[in-house]
Engineer: 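Input: one structure, supplied below.
Because only heavy atoms are used, hydrogens play no part in the values below, and waters and symmetry mates are left out as well, while side chains stay in.
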Amino acid sequence: MKAVEQNFLKFLQSPSQFVVPIYQRKYSWSIPQCKKLLQDVLVAGKDDESFGHFTGSIVYITKDVFHAAVINQLSIIDGQQRLTTLSLMILALRNALEIQKKEIGISTRKLTNYYLVNSDEEDDLFYKLVLTEGDNQAIRSILDSDKAAIDAYKESRIVQNYNYFFNEMMKSELKVVYEGLKKLMIIDVSLEQGKDNPQLIFESLNSTGLDLSQSDLIRNYILMDLDPKLQSTMYRKYWLKIEQLFTDHPENAFDRFSRDYLTIKTGRIPRQDRIYESFKRYFKSAISKLGLEQVVKDFYDYSKIFADLLSAVTPNQKVNALMQEINELRVNVAYPFLVQTYHDFDNKVINQEQLITIYRLVESYVFRRAVVGIPTNSLNKTFATLNAKIDKAHYLDSFCYELLQLDSYKRFPSDEEFERELKIKDIYNFQRSKYLLSKLENFDTKEIIDLNKYSIEHIMPQTLNEKWKEILGQDWKTIHTQYLNRLGNLTLTRYNSELSNQEFEGKRKMKNGFIYSPIRLNRMLAEVEQWDPSAIDRRGNLLSRRTLNIWQYPSVSPDYCEQREETVDNVSYTIEDYEFRSKPNLELFTAIQDYLINLNADITVKYNKHYVVFRFRSNLTSVMFTKEGISVNINASVDELTDPKGLLRDLRGIGHWATGESEIKIFSPVQLDDVYPLIHQAYAIQMEI
């Protein structure tokens, strides 16, 4: 390596061509950076006592430092942004000088031949600066004064920054600009191919992480040391496609993907500022096993899935609709799991129905936790490790089972917890209130309403007039405070200002009022005569119960659940292991147990981690302790059982813990006489098998 102080214009004037390798990032300087550089040049040009102004280093590789060809092609390792910007400034100076015809100590011809082209060469060697695709065509269109081509690249930073410089030149003293350029100094750092390690030098120069993103560093690491032919092949076949995937995404999306990819591959989440270091460790290990192209192809395959999910533009329309909703929840930490699951779907490990069920449960898990107020700081580790726990031979069952194993602050909130919180939560000030109401409105219908133009309406208004106070009665203040922002009191409308704070009857019957509303959330309101706490509670109960079908609880097949319960850690459980084994609950459980044992002496009992199962020829009944009482699951469907009082809850298609297709909840010994006949019917069904 040779490093010398060098005058910038003399550096350009040498018989060289400066090539920005294809793996380097595109030109990215913006107007503020150009403005600062021009100011530095003008200050240096006006300072008669200044003999030089340092403007950074330019690092490049040459095949033979001491025996260069007539036109020495230099591959730029660092400094391409500065080199490109100063070349644009010289171009602008040349073109402004062409118009103004002023004497500044150099002609437009010399500005071109000394600093912009190799005048004695032809074809590609004619141009001193060779940029990456797109940028190269843009700067050549300016150099060649091709107005049509310039217009074609008007959105590029190259053309935008040139235009800035040209406009400033037309207002500046061109001699001062030229004098400033003459004083610019650089550190000229030349590396020798085969002797110096350009990657280590590149990393050292960018060690602050301020100039390059983690993904920029990864790209350079993969491609920099390859021979030119392989470098070009790998770039065009994979890396260029990867970069194009992220063109329309936020700048940090590529870094996000790189981090998620490593999380998928290693099961560990790299620190945001250590993505590059983590990638180097993974890359070296992966290449030794799979080879360079296979690793880069894998990186590309996963990047396509990530970008498609981020934009919700996969080939599967049902998945796209789900991803739009998941993205609306802004749960970026779920992406390592979502991407890997879609990758498994692509490779036919799971089918479309399973994929959609899994994605819906991810959405449900995240949303339920938000509703009940569980902090999100554990979600990243939960999703980072979830894939490794899945038994791919029983993909969906094992996924649901693992969700149900989560407890404490990682838990999947139960139906009871979720429904209870929804009824009383301040939904209006809930960050995801519009998402909640939109899903309630559009669930289970093909006639989807775009609710972006709708606003949330308080049925009982935020400001009460005297009529409202009279309707609510003496305790109107307390009622207003408690019920105003609850789910039962909220709906959607495009007539918020018209509805305002008028009384409920007016909101119902006015033109475009609730009676005439196309919104399904308003149908119940059309039939209610008076709006008071009991009406708000009824509607809140109805809507919160509906949410259980939208944001479902995981469901595991009985056979798989039993299989896993029998093998997990070989742990033996007893009645003492259940959290809600209160005295009243134990009395209810004992009564059920005594009934079953008396029914048939061959009925056995097994204590699993979360519930107790009673088995005859197969699982017959299971009991789970809850905060409010006990939940009795019966292994027969509601269609098979006679339930004159309508006590059973149909669990088919609804997530639940214990085994059984029907459920009845017991809070009091009085209810036992209703349970026994239902259990006996399930027993009779098994006797007939």
Engineer: Measure the spacing between OH of Tyr454 and CG of Leu492 and express it to the nearest 0.5 Å.
Structural biologist: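 The distance works out to 8.5 Å.
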
Engineer: Working to the nearest 0.5 Å, report the span between CD1 of Ile76 and CZ of Arg82.
Structural biologist: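 Output value for this atom pair is 11.0 Å.
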
Engineer: Which atoms form the tightest heavy-atom contact between Ser303 and Leu245, and what is the distance?
Structural biologist: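 Shortest heavy-atom separation between Ser303 and Leu245 comes out as OG-CD1, 3.4 Å.
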
Engineer: Can you name the residues that form a salt bridge (charged side-chain N to carboxylate O under 4.0 Å, His left out) with Lys175, not counting sequence neighbours?
Structural biologist: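 If we apply the salt bridge (charged side-chain N to carboxylate O under 4.0 Å, His left out) test to Lys175, skipping adjacent residues, the hits are Glu179.
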
Engineer: With no hydrogens and no angle check, do the side chains of Tyr261 and Asp298 hold a donor and an acceptor under 3.5 Å apart?
Structural biologist: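 Asp298 and Tyr261 do have a side-chain donor-acceptor pair below 3.5 Å.
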
Engineer: Is the CG atom of Asn252 crowded by more than 12 outside heavy atoms at less than 6.0 Å?
Structural biologist: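 Enclosed: over 12 neighbouring heavy atoms sit under 6.0 Å from CG of Asn252.
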
Engineer: For Tyr359, which residues count as a ring-ring contact (aromatic ring centres under 6.0 Å, His included) partner, sequence neighbours excluded?
Structural biologist: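 None.
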
Engineer: Of all heavy-atom pairs between Ala44 and Lys183, which one has the smallest distance, and what is that distance?
Structural biologist: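 For Ala44 and Lys183, the tightest heavy-atom pair comes out as O-NZ, 2.9 Å.
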
Engineer: Please set out all donor-acceptor pairs under 3.5 angstrom arising from side-chain atoms of residues 129-138, sequence neighbours excluded.
Structural biologist:
from   : atom 1 : to     : atom 2 : distance (Å)
Glu133 : OE2    : Arg236 : NH1    : 2.1
Asp135 : OD2    : Tyr27  : N      : 2.7
Asn136 : OD1    : Leu131 : N      : 2.9
Gln137 : OE1    : Gly134 : N      : 2.7

Engineer: Who passes salt bridge (charged side-chain N to carboxylate O under 4.0 Å, His left out) against Lys36, sequence neighbours left out?
Structural biologist: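 Checked Lys36 against salt bridge (charged side-chain N to carboxylate O under 4.0 Å, His left out); matches are Asp40.
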
Engineer: Do you know the tightest heavy-atom contact between Gly52 and Met185?
Structural biologist: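 Taking every non-hydrogen atom into account, CA-CG, 4.0 Å.
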
Engineer: Roughly how far, to the nearest 0.5 Å, is CD1 of Ile90 from CG of Asn95?
Structural biologist: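 It comes to 12.0 Å.
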
Engineer: Which residues pass the ring-ring contact (aromatic ring centres under 6.0 Å, His included) test with Phe126, sequence neighbours left out?
Structural biologist: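 With sequence neighbours excluded, Phe126 shows a ring-ring contact (aromatic ring centres under 6.0 Å, His included) to no residue whatsoever.
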
Engineer: Let me confirm one number: the CG-CG distance from Asn316 to Asp308, rounded to the nearest 0.5 Å.
Structural biologist: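 So the CG of Asn316 and the CG of Asp308 are separated by 11.5 Å.
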
Engineer: Show every salt bridge (Lys or Arg N to Asp or Glu O under 4.0 Å) that has at least one partner inside residues 238-247, sequence neighbours left out.
Structural biologist: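 As it turns out, the salt bridge (Lys or Arg N to Asp or Glu O under 4.0 Å) pairs with a partner in residues 238-247, which skip direct neighbours, are Arg219-Glu243.
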
Engineer: Just by distance, no angles: are the side chains of Asp344 and Gln340 close enough, under 3.5 Å, to form a donor-acceptor pair?
Structural biologist: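 Their side chains do contain a donor-acceptor pair, which is all the 3.5 Å distance test asks for.
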
Engineer: Report all side-chain donor-acceptor pairs from residues 167-174 shorter than 3.5 Å, counting only partners two or more places apart or in another chain.
Structural biologist:
from   : atom 1 : to     : atom 2 : distance (Å)
Asn167 : ND2    : Asn163 : O      : 3.1
Glu168 : OE2    : Lys171 : NZ     : 3.2
Ser172 : OG     : Glu168 : O      : 2.6

Engineer: For Phe18, which of Leu83, Thr84, Asn72, Ile58 qualifies under side-chain contact (heavy atoms from CB on, under 4.5 Å)?
Structural biologist: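 Only one option passes, and that is Leu83.
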
Engineer: Compare every heavy atom of Phe165 with every heavy atom of Ala92, then report the nearest pair and how far apart it is.
Structural biologist: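 Ala92 and Phe165 have their closest heavy atoms at CB-CB, 3.5 Å.
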
Engineer: For the atom pair CD1 (Ile242) and CG (Asp301), what is the distance rounded to the nearest 0.5 Å?
Structural biologist: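 Rounded to the nearest 0.5 Å, the CD1-CG separation comes out at 9.0 Å.
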
Engineer: If you compare all heavy atoms of Pro270 against all heavy atoms of Arg259, which two are closest, and at what distance to 0.1 Å?
Structural biologist: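 Answer, listing the atom of Pro270 first, then Arg259: O-NE, 2.7 Å.
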
Engineer: Tell me the side-chain hydrogen bond (donor to acceptor under 3.5 Å, both in side chains) pairs involving residues 141-152, sequence neighbours left out?
Structural biologist: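 As it turns out, the side-chain hydrogen bond (donor to acceptor under 3.5 Å, both in side chains) pairs with a partner in residues 141-152, which skip direct neighbours, are Tyr127-Asp144.
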
Engineer: Quick one: sort the Phe430 and Phe367 rings into parallel, tilted or perpendicular, breaks at 30° and 60°.
Structural biologist: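 Correct class here is tilted.
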
Engineer: Can you name the closest pair of heavy atoms from Ile218 and Ile275 and give their distance?
Structural biologist: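 Closest approach of Ile218 to Ile275: CD1-CG2, 4.1 Å.
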
Engineer: Using ring-ring contact (aromatic ring centres under 6.0 Å, His included) as the criterion, list what pairs up with Tyr342, not counting sequence neighbours.
Structural biologist: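 Checked Tyr342 against ring-ring contact (aromatic ring centres under 6.0 Å, His included); matches are Phe345.
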
Engineer: Please set out all donor-acceptor pairs under 3.5 angstrom arising from side-chain atoms of residues 114-121, sequence neighbours excluded.
Structural biologist:
from   : atom 1 : to     : atom 2 : distance (Å)
Asn118 : OD1    : Lys128 : NZ     : 3.1
Asn118 : ND2    : Ser16  : O      : 3.2
Asn118 : ND2    : Leu125 : O      : 3.0

Engineer: With sequence neighbours excluded, tell me which residues meet ring-ring contact (aromatic ring centres under 6.0 Å, His included) with Phe279.
Structural biologist: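 Per chain and number, Phe279 pairs via ring-ring contact (aromatic ring centres under 6.0 Å, His included) with Phe283, Phe299.
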
Engineer: Scan residues 319-340 for pairs that pass salt bridge (Lys or Arg N to Asp or Glu O under 4.0 Å), counting only residues two or more places apart or in two chains.
Structural biologist: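 The answer is Glu325-Lys439.
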
Engineer: Let me confirm one number: the CZ-CG distance from Phe257 to Leu262, rounded to the nearest 0.5 Å.
Structural biologist: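 If I round to the nearest 0.5 Å, the distance is 8.5 Å.
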
Engineer: Could you tell me whether the side chain of Ser14 and the main chain of Phe11 form a donor-acceptor pair under 3.5 Å?
Structural biologist: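 Yes.
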
Engineer: Between Phe306 and Tyr335, is the gap from one ring center to the other below 6.0 Å?
Structural biologist: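 Yes, ring centres under 6.0 Å apart.
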
